[in-house]
Amino acid sequence: MFYRIFRAFLIVCLDVMFRRIAAPGLEAVPSSGGVLLVANHGNALMDPLLLLVLLRRPITFLAKHTLFPMPLVGFFLKRIGGLPVYRRH
């Protein structure tokens, strides 16, 4: 439920911020089954949000475990089903 509300909120925000969002190759993403999406870009916070808005299927995000204790970021990551990633030392 939170995921859908958050997604709708992001759609409105991105419509206000950007005139047009181009996503070439989006039609190649299957509507079901396993898919690994890797947002490899300098703007690490915007890319996951764009994926969440542009893809109609639910996404599970991986995030560095140190983000989860952060009050605002952790709140949203937990509510949208984010999974913490722990790195070996």
How about CZ on R56, more than 12 heavy atoms from neighbouring residues, nucleotides or ligands closer than 6.0 Å, or not? no
Are M46 and L10 linked, directly or through other ILVMFWY residues, by side chains that come within less than 4.5 angstrom of each other? yes
Can you measure from CD1 (I11) to CG (L54) and round to the nearest 0.5 angstrom? 9.0 Å
Under a single-linkage definition using a 4.5 Å side-chain heavy-atom cutoff for Ile, Leu, Val, Met, Phe, Trp and Tyr, are L37 and F6 assigned to the same hydrophobic cluster? yes
Within the structure provided, determine whether R79 and M1 are in side-chain contact (heavy-atom separation under 4.5 Å). no
Would a hydrophobic clustering, with Ile, Leu, Val, Met, Phe, Trp and Tyr connected at side-chain separations under 4.5 Å, put L62 with L55? no
What distance do L52 atom CG and R57 atom CZ have between them, rounded to the nearest 0.5 Å? 13.0 Å
Could you state whether F75 and I80 fall into the same hydrophobic cluster, counting links through intermediate Ile, Leu, Val, Met, Phe, Trp or Tyr residues with side-chain heavy atoms under 4.5 angstrom apart? yes
Compare every heavy atom of L49 with every heavy atom of L14, then report the nearest pair and how far apart it is. CD1-O, 4.4 Å
Output for pair (L67 CG, F61 CZ), nearest 0.5 Å, gives 13.0 Å
If hydrophobic clusters are built by linking Ile, Leu, Val, Met, Phe, Trp and Tyr wherever their side-chain heavy atoms come under 4.5 Å apart, do I21 and I59 end up in the same one? yes
Would you find more than 12 non-hydrogen atoms of other residues, nucleotides or ligands less than 6.0 Å from F2 atom CZ? yes
Y3 side, atom OH; T60 side, atom OG1 - distance, nearest 0.5 Å: 7.5 Å
Just how far is it from atom CG of L77 to atom NE2 of H65, taken to the nearest 0.5 Å? 13.0 Å
What distance do L51 atom CG and L26 atom CG have between them, rounded to the nearest 0.5 Å? 8.5 Å
